[in-house]
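One structure is given here, and the rest of the page talks about it.
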Amino acid sequence: MSEENKVLNFIEEIVEDDIRNNRHGGRILTRFPPEPNGYLHIGHAKSICLNFGLSMKYGGKTNLRFDDTNPVTEEVEYIESIKDDIKWLGFDWGNREFFASDYFQQIFNFAVNLIKQGKAYVDDLSSEEIANLKGSPTIAGTPSPHRDRTVEENLTLFEEMRQGKFKEGEKVLRAKIDLASPNMHMRDPIMYRILFTPHHRTGKEWCIYPMYDFAHGQSDSIEGITHSICTLEFENHRPLYNWYIDNIGIFPSRQIEFARLNLNYTVMSKRKLLQLVKENLVSGWDDPRMPTIRGMRRRGYTALGLRNFATSVGIAKRNNLIELSLLEHSVREDLNKIATRVMVVSDPLRVEILNYPKDKLEWLQVENNSEDPNSGKHEIPFSATIFIEQEDYMDNPPPKFFRLTKGGLARLKSAYIIECVDVEYDELGKVSSLKCNYFPESKSGSDTSGLKPKTTIHWVESNHALDISLRLYDRLFTVEEPDKQEGDFKEYMNPNSLVINNNAKGEPYLKTAFLDNVKHFQFLRKAYYVFDQDSTSDKLICNRTVELKDTFSKPK
RNA sequence: UGACUCAUGGUGUAAAGGUAGCACUACAGAUUUUGAUUCUGUCUGUUAAGGUUCGAAUCCUUAUGAGUCAACCA
């Protein structure tokens, strides 16, 4: 055991304890149980990493199980995307792919079992009537007039429910537990309801469907799940989870709850994300501003970055609000190691190098990534006209500005040192171009000039420059907790969450890289970028994944 | 004002009665042909009040604050 393994979260402690006590023979089986009614988000990623991580750590397995017990909201479309996202994240469930709907017959049999024990009954009351008789947390519920039907009567009625002899809402099957329980979930919860909507897998075979509480734990038990990990809002369901298992007498899976992930400046509920998509406030589930796995992937976040993030947020029972900066840190950490360095000028300022021969062109070697010695090199052109970043030149620099100024020096990355000798302005008085001289003996790698410019700036040669479209993404909301504000959360959307820049100039290698399927880049001194899926070799579109840390521009 | 759960720096997470640690953030400094990376350092914390104990973040009591629950959703 290494040092880091000694710090266990509370679930790992439970698992190690179970292994120590030889519970289930030391077998560990977890599951990830998505409902196929939406796309996976970063919160699901935390759960996926937890469940798969746990089984990998303790020599167990993890099942993928679709919790498809509500045909009204579920669609096949989501199943493929969910599987795709889990694979992309880097996890493999092998052949352990299951559906709660596969267990409908067994779950039905469990219900019959409870009816026979006198622990379940068919109720004719409407949804409203049942709710009204349920009482409140401080007031006990009132029994339904149908609570004491005979076993035979219940058996017949339930079978008739199954045969489709009743309309939707006409009858339900309820567990007979305790109408006075302080836990509302124990007040004769509904086990089955009638639904004539065809199911995406079982078609019209069934017209009665088990409720979550009578399907999830049963599926866990059928699969022999040892640790059924869910989020905190199911804490109050645990007594019911256990009651069903105890009373049916099936494999005792154990439910364990942990705090879901909350990220600031975003929303995480499927319902709200769906709203953003439906109302076209984002371009889709894979909009790079979305906290969905697809969105983050399109944004350029890496699977490893996301997995590391999931690990670093930790597992506990206390409600949390994670700062976006931790996510960004995790992503940068990975990208720093793998991103190919290129030069792209987002706001070009033309520079003429007066003492460089007008028709000369040289190709210079640059490293793909100085962090990775095996990443190789590529070539960039250099000539008498180049672009640099507008913000890298100032007439009247503030103190501590050490980029280019009139009469000042700067190193062009991987090329020469230049000195600014003259400045031209447009009619508005804005700097329109620079005249510089270069120092031939200052060439990168063989510099004998003895000059020590205070900084190195990025640049792009003008004749070979590629026009690049940049999509600059920022946080989707202007407030930390959009859900907790007054009024509609959508009022707090950040109007600048997407800014498109079509003026950027990139080095020609970008096109080669695109054709070579290189994905992640660091645009030197600016940010990490990824090619958007809409790119073609003639029109490169880059999504800004995350900016580089910048300790200079902060003070303003 | 019912039940369940939780409470440690700005954020997140450890410390199983014995030095309050780690990561992120922020701020310094060093290195740097990216104001990045890397390295070093600094700031800030046990919700409150009692109790048990030689000793309490940890155990007990009470208070306070927060979350969840009264869907034929999951």
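Each chain gets a letter, A, B and so on, in the order the sequences are listed, and its residues count up from 1. All values below were derived from every heavy atom in this structure, side-chain atoms included, with hydrogens, water molecules and symmetry-related copies excluded.
In this entry the distance linking CD of Glu371(A) with P of U38(B) reads 7 Å, nearest Å.
Under the 4.0 Å criterion applied to side-chain N and carboxylate O atoms, Glu233(A) and Arg260(A) are assigned as salt-bridge partners. Between Arg475(A) and Glu480(A) there is no salt bridge, since no side-chain N of the basic residue sits under 4.0 Å from a carboxylate O of the acidic one. Under the 4.0 Å criterion applied to side-chain N and carboxylate O atoms, Arg238(A) and Glu257(A) are assigned as salt-bridge partners. Between Lys134(A) and Asp188(A) there is no salt bridge, since none of the side-chain N atoms of the basic residue sits less than 4.0 Å from a carboxylate O of the acidic one. Note on Lys57(A) versus Glu12(A): salt bridge recorded, some NZ/NE/NH1/NH2 to OD/OE distance being below 4.0 Å. Taking the charged nitrogens against the carboxylate oxygens, Arg411(A) and Asp447(A) do have a contact shorter than 4.0 Å, which makes a salt bridge. Here Glu235(A) pairs with Lys317(A) in a salt bridge; the nearest charged N to carboxylate O distance falls below 4.0 Å.
Pair assignment for C22(B): G12(B), on the basis of Watson-Crick or G-U wobble contacts that are both within less than 3.5 Å. Shown here, G45(B) forms no base pair; nothing in the strands shown gives a Watson-Crick or G-U wobble contact with both key distances under 3.5 Å. Summarising the base pairing, A71(B) is matched to no nucleotide, lacking a Watson-Crick or G-U wobble pair whose two defining distances lie under 3.5 Å. Using N1 to N3 plus N6-O4 or O6-N4 for Watson-Crick, or N1-O2 and O6-N3 for G-U wobble, each under 3.5 Å, C39(B) pairs with G29(B).
For Phe214(A) and Tyr244(A), the gap between ring centers is short of 6.0 Å. Ring to ring, Phe234(A) and Tyr212(A) are close: their centroids are under 6.0 angstrom apart. For an aromatic pair to be called close, the ring centres must be under 6.0 Å apart, and Phe521(A) with Tyr529(A) fails this.
Among the nucleotides A74(B), C69(B), C24(B), the one closest to any side-chain atom of Asn70(A) is A74(B). In this structure, of G35(B), C72(B), U37(B), it is G35(B) that holds the atom nearest to the side chain of Thr455(A). Each of U34(B), A70(B), A36(B) was ranked by its minimum atom distance to the side chain of Arg525(A); first place goes to U34(B).
Between the side chain of Lys176(A) and the main chain of Arg147(A), a donor-acceptor pair closer than 3.5 Å is present.
No donor-acceptor contact under 3.5 Å links the side chain of Arg332(A) to the base of U37(B). Judged by atom type and distance alone, Glu233(A) does not reach the base of G67(B) through any side-chain donor-acceptor pair under 3.5 Å. Taking 3.5 Å as the limit, the base of U33(B) and the side chain of Ser444(A) contain a donor-acceptor pair of atoms between them.
Between Arg193(A) and C73(B), a side-chain N or O to OP1/OP2 separation shorter than 4.0 Å is present. The shortest distance between the side-chain N/O atoms of Lys549(A) and the OP1/OP2 oxygens of U25(B) is below 4.0 Å. A close approach under 4.0 Å does not occur between any side-chain nitrogen or oxygen of Ser127(A) and OP1 or OP2 of A71(B). For the pair Ser126(A) and C72(B), the criterion of a side-chain N or O lying under 4.0 Å from OP1 or OP2 is not met.
Contacts between residues 234-242 of chain A and RNA chain B, defined by a heavy-atom separation under 4.0 Å, are made by Phe234(A), Glu235(A), Asn236(A), His237(A). Taking every heavy atom of residues 159-170 of chain A and every atom of RNA chain B, pairs under 4.0 Å involve Gly169(A), by number.
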Check: protein-nucleotides 12-17 of chain B nitrogen or oxygen pairs below 3.5 Å:
{"residue": "G12(B)", "atom": "OP1", "partner": "Leu321(A)", "partner atom": "N", "Å": "3.2"}
{"residue": "G12(B)", "atom": "O2'", "partner": "Val313(A)", "partner atom": "O", "Å": "2.7"}
{"residue": "U13(B)", "atom": "OP2", "partner": "Arg318(A)", "partner atom": "NH1", "Å": "2.9"}
{"residue": "A14(B)", "atom": "OP1", "partner": "Ile315(A)", "partner atom": "O", "Å": "3.4"}

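Between Phe552(A) and G35(B), a base-stacking contact is recorded: ring centres under 5.5 Å apart, planes less than 30° from parallel.
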Report task. Output, in order, the C-alpha distance, side-chain angles, deciding distance and verdict of side chain to side chain contact (heavy atoms under 4.5 Å, CB included) for Leu157(A) and Lys171(A). Result -> CA-CA 9 Å; Leu157(A) 253 16; Lys171(A) 290 199 166 28; 4.0 Å; yes
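A cation-pi contact links Arg201(A) to Phe99(A), judged by a cut-off of 6.0 Å to the six-membered ring centre and 45° from its axis.
Taking the P atom of each, A7(B) and U58(B) are spaced 12 Å apart, rounded to whole Å.
The residue Gly141(A) sits apart from the nucleic acid: no heavy atom pair falls under 4.0 Å.
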